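What follows is one structure encoded as structure tokens, with my remarks underneath.
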Amino acid sequence: MSLILNSKKNTLIIRVRGDFDLVSVHEFREKIDQSLEETMSQNLLLDLSEITFIDSSGIGVILGRYRKVKANHGQMVICGTQPAIEKIFKVSGIISLMPICSTEKEAWKLLEQNTFKGA
Amino acid sequence: MGKIVNNKIKLEFLSKGENVALARITIAAFVSQLEITLSDLEEIKVAVSEAVSNAIIHGYQNKPEEIVTMTGILKGNTLILEIVDQGIGIPDIQKAMEPAYSTDPERTGLGFVFMQSFMNEVKVESQVNCGTKVILTKQINPDLKNMAVS
Ligand SMILES: Nc1ncnc2c1ncn2[C@@H]1O[C@H](COP(=O)(O)OP(=O)(O)OP(=O)(O)O)[C@@H](O)[C@H]1O
Ligand SMILES: [Mg+2]
């Protein structure tokens with residue numbers, strides 16, 4: 001797995017590439033928690049369009065970041081899901097917790113809408 | 001008609017995280033002898049990943065020098081997978097298989113949920129301090145679209 005991190009508009013953007021399993025969990029958790037602090041971002045946008053695999057280890061660490069963002073009154077949006085991982089999202093219940101959309105553009109729209117609502 | 005496949009493989013590997021990917025790729029290649037849908041293939045990979053990850057993380061408590069054994073059997077359209085560790089074992093199997101149950105506060109208890117949703121049958125045999133065997137069975141639906149072409 002490799003991670004690309006960026007931040008803008010109070011949002012940390014993470015692009016994940018490759019297999020998202022037990023091997024990647026540690027790096028994911030450390031890098032994101034550190035970057036959330038450094039950039040002081042409240043929101044998290046997770047782009048999964050280039051992952052090749054995900055299982056419960058990946059889902060667990062995503063849920064952990066979700067709880068963290070929520071505790072800090074931020075929002076989390078996932079984009080770039082593929083048919084292969086949609087079933088995992090359904091079975092895990094993640095889809096009832098946070099918005100999941102196909103493109104990053106849609107994700108930004110959601111983040112901005114909700115920010116205005118909250119303001 | 002799809003071809004009839006009867007086959008068996010056995011893989012032994014060290015309990016290292018990197019070997020989880022190896023296990024799922026091996027099984028994916030093994031079942032690809034059947035004309036299998038992409039969706040079935042993905043589901044099998046997740047189930048393998050869950051069982052092997054559990055053997056390493058829970059069974060062997062992340063000790064990397066232990067042995068995990070995985071057997072794959074194809075009997076016609078049925079895939080039978082056995083994932084075995086000689087680790088700490090499970091004191092209460094029924095409890096362990098409950099959704100959202102985990103003995104690790106950092107985990108979510110989704111492994112058995114995925115195995116049960118993606119395979120037709122999940123059987124667990126375990127003895128404390130002896131180890132655990134997970135038997136996963138799946139009926140592979142023939143890939144009708146591909147069969148028409150080939
Ligand atoms: N091979 C094993 N050896 C010992 N204990 C196991 C084994 N497999 C599962 N368990 C026990 O069963 C529990 C539930 O397993 P399950 O895979 O459903 O969840 P998890 O591994 O805790 O979390 P997740 O899979 O979501 O990361 C584990 O927390 C562990 O206590
Ligand atoms: Mg598990």
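Numbered from 1 within each chain, the chains take letters A, B, ... in sequence-line order. Quick caveat: nothing in here was measured; it's all calculated off a predicted structure.
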- Item | Toward chain A, the part of K45(B) with a non-hydrogen atom under 4.5 Å |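 Both parts, backbone and side chain.
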
- Examine whether an atom of L38(B) lies under 4.5 Å from a heavy atom of chain A, and if so say whether it belongs to the side chain, the backbone or both; otherwise answer neither.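 Interface part for L38(B): neither.
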
For [X], does the [atom1] atom have more than 12 heavy-atom neighbours from other residues, nucleotides or ligands under 6.0 Å away?
X	atom1	result
R29(A)	CZ	yes
Q94(B)	CD	no
Q127(B)	CD	no

Report whether [X] and [Y] are members of the same hydrophobic cluster (ILVMFWY, side-chain heavy atoms less than 4.5 Å apart, transitive linking).
X	Y	value
I140(B)	I135(B)	no
L44(A)	L3(A)	yes
L5(A)	M76(A)	yes
V134(B)	M97(B)	yes
I36(B)	V5(B)	yes

- Query: Counting heavy-atom pairs under 4.5 Å to chain A, which of I56(B), V46(B), I57(B), L41(B) comes out on top?
  - Reply: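 Going by pairs under 4.5 Å, I would pick V46(B).
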
- Hey, are R24(B) and D19(A) close enough for a salt bridge, meaning a charged N less than 4.0 Å from a carboxylate O?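 Answer for the salt bridge query: yes.
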
- What distance do E42(B) atom CD and I54(A) atom CD1 have between them, rounded to the nearest 0.5 Å?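 Rounded to the nearest 0.5 Å, the CD-CD1 separation comes out at 12.0 Å.
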
- So, do K87(A) and S39(B) sit near enough that their side-chain heavy atoms are less than 4.5 Å apart?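 When only atoms from C-beta onward are counted, S39(B) and K87(A) do touch, with a gap below 4.5 Å.
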
- Between D21(A) and S53(B), is any pair of side-chain heavy atoms under 4.5 Å apart?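 A side-chain contact is absent here, since even the closest heavy-atom pair is not under 4.5 Å.
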
- Message: Using a 4.5 Å heavy-atom cutoff, which residues in residues 99-114 of chain B come close to chain A?
- Response: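 Near chain A, by residue number: E106(B), R107(B), T108(B), L110(B), G111(B), V113(B), F114(B).
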
- Query: Taking D55(A), I85(A), V23(A) one by one, which has the highest count of heavy-atom pairs under 4.5 Å against chain B?
  - Reply: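 Ranked by contacts with chain B, first place is D55(A).
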
- Message: If I measure from the heavy atoms of chain B, does I88(A) come under 4.5 Å with its side chain, its backbone, both, or neither?
- Response: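 For I88(A), the contact with chain B is made by backbone and side chain together.
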
